[in-house]
Amino acid sequence: MSERQTIDARGAFCPGPLMELIAAIKLAEIGDEIEILSADKGSAEDIPAWIAKVGHEMVGVTEMDGHWSIVVKKAK
Amino acid sequence: MAKRILIVGGGLSGTIVANGLVRQLGNELRSGSVNITMIGTSDQHMYQPGLLYLPFGRIREHELFRSQRKVLDRRVPYHIDPATNIDTENSTVTTASGKTFGYDYLVIATGSRIMPQSIPGMEEGGHWFYDLDGARKLRGALDDFKGGKVIVNVNAPHKCPVAPLEVTFMLREYFEAKGILDKCEITYTYPIGRLHALEPVAHWALPEFEKYGIKYETFFNTKEVDPKGKKISSEEGVTLDYDLLITIPPHNGAEVIEQSNLGKGGWVPTQKETLLQEGSTNVFVVGDTTNIPISKAGSTAHFEADTIIDNLTSLVKEGRWARNYDGKVFCFVETGLSTGTYVWFNYTTPPNPGPPSQMIHWFKLAYNRLYWLSARGLL
Ligand SMILES: Cc1cc2nc3c(=O)[nH]c(=O)nc-3n(C[C@H](O)[C@H](O)[C@H](O)COP(=O)(O)OP(=O)(O)OC[C@H]3O[C@@H](n4cnc5c(N)ncnc54)[C@H](O)[C@@H]3O)c2cc1C
């Protein structure tokens, strides 16, 4: 069964949203979805760029009230 | 019935919590209405930040260790008997020798550990300084090193976010002092798109790297190491050659956390303000082992421990909550063998480091000694 987890990385200056995502992907199973909440715009751009580079799947980026929700799926 | 406080893990955060509680609950301990017990793995307490200096011959091994019995207040019984199962449903902890400890309040302080075995070839091909054995081997490798390609390879997640940058600058100065700098090429690899997780630290480090000719490869998440061919490759498709690979391996939490089904990878889901295990009212989590998206560092452990001391004391004495953790982290950053800077931030205040100075380097060296005072709850 694929799982979905949410990491609330708003206000996480170090190690920050992308590093949290990288750590979470290592522990996830193929097909699992991870949602990252981030307050900084940089991650909303960095995360999709990194996901494309390593070959995971972007599910979506949504701008919410003062933060971003970025959902990715572990593909390999 | 006495209220039983059980602390699992006798590293930095567990020891600060224990010693701090003893100070606050002296009367209750004396009257027997409270008892505090600690379970650990060793009779020695190791000062981990000192491991950074060991490969460069700048600290002696014996300076890293103190007897845990001496660091810990004598009113806290200490059992060298690793926990093998933590059962939060039944409020019991079982240990390697087969004992079972019950508790009213539990503090999980089991830290984090390196996992070089999780990346193919890394154990065989890499050196590291994040544990004693690794730091000794790296010291030997540096002694023998005559020049070549050196890679400082950083993996996520890891504790002490600044140690990888520090070791890079220290390596450069070490090679210079040894007279082999012109034969050495240092390349630093980092998992995300800049040199450090903290943006201002990354901005500061970039011109320093350029000034010293230190190369870097960002967006580098290690896929495998080829120890025979001396190559390291990334998930992003980059392969680098090395003569000496110094890696900061990815970390997990303690084995007992996973074994007890308390959290994937050994990270315990923790409420970031109360430091209570998600869904719990009597299990506190402190230090590296929380899953809070925050630096895994001694200062984090310290500030979290202070919050837990206040809350446990208030709960025991008055049955009420005292205060929440604000996410404070403070880090010294060694910028070479003789200068340093520092940075602090919390959940709402972004980081902003000052310019490096020799003074701050001395503070950090002083802190290396003060560690023992802070573990004993005197700072
Ligand atoms: C090379 C290096 C440099 C560092 N430099 C810095 C620095 O400059 N500044 C800074 O702030 N931080 C630094 N750190 C990080 C800092 O040491 C840690 O973040 C800090 O020790 C975390 O405290 P802790 O109590 O969570 O874990 P630890 O201090 O690691 O303690 C965890 C304890 O739990 C015990 N344990 C594990 N499993 C069990 C079990 N089953 N039963 C009982 N006990 C168990 C372990 O034996 C250990 O004693 C550095 C770390 C390293 C390795």
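Since we're looking at a predicted model, the values are computed, not measured. So you know, we letter chains A, B, ... as the sequences are listed, proteins then strands, and number each from 1.
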Can you tell me how far CD1 of B:I292 sits from CG of A:D8, rounded to the nearest 0.5 angstrom?
11.5 Å
Would you call A:L18 and B:F219 a side-chain contact if the rule is heavy atoms closer than 4.5 Å?
yes
What part of B:N346 gets within 4.5 angstrom of chain A, counting heavy atoms only: side chain, backbone, both, or neither?
backbone
Is any side-chain heavy atom of A:I7 closer than 4.5 Å to a side-chain heavy atom of B:N291?
no
Portion of B:K272 that has a non-hydrogen atom of chain A nearer than 4.5 angstrom
side chain
Contact part of B:P191 toward chain A, heavy-atom cut-off under 4.5 Å: side chain, backbone, both or neither?
both
Need one label for A:L27: side chain, backbone, both or neither, based on atoms under 4.5 Å from any heavy atom in chain B.
both
Atom CZ of residue position B:F330 - does it have more than 12 heavy atoms of other residues, nucleotides or ligands inside 6.0 Å?
yes
Does the side-chain contact (heavy atoms from CB on, under 4.5 Å) test come out yes or no for B:N221 and A:V54, once each step is laid out?
CA-CA 9 Å; B:N221 287 281; A:V54 296; 5.6 Å; no
To the nearest 0.5 Å, atom CD of B:E199 lies from atom CZ of A:F13 at 10.0 Å
I want to check something: taking the side chain as every heavy atom from C-beta on, are A:E3 and B:K264 in contact at a cut-off of under 4.5 Å?
yes
Within the 4.5 Å heavy-atom criterion, are B:P157 and A:M19 side-chain neighbours or not?
no
When rounded to the nearest 0.5 angstrom, what is the spacing between CD1 in B:I192 and CG in A:D46?
7.5 Å
Given heavy-atom pairs under 4.5 angstrom as the criterion, report whether the side chain, backbone, both or neither of B:Y347 touches chain A.
both
Between A:K76, A:E20, A:K53, A:R10, which shows the greatest number of heavy-atom pairs under 4.5 Å with chain B?
A:E20
Tell me if the CD atom of A:E29 is crowded by more than 12 foreign heavy atoms within 6.0 Å.
no
Answer yes or no: are there more than 12 heavy-atom neighbours, outside B:K328 itself, under 6.0 Å from its atom NZ?
yes
Most contacts with chain B, counted as non-hydrogen pairs under 4.5 angstrom, among A:P15, A:G16, A:A24
A:P15
For B:S118, which atoms come within 4.5 Å of any heavy atom of chain A: side chain, backbone, both, or neither?
neither
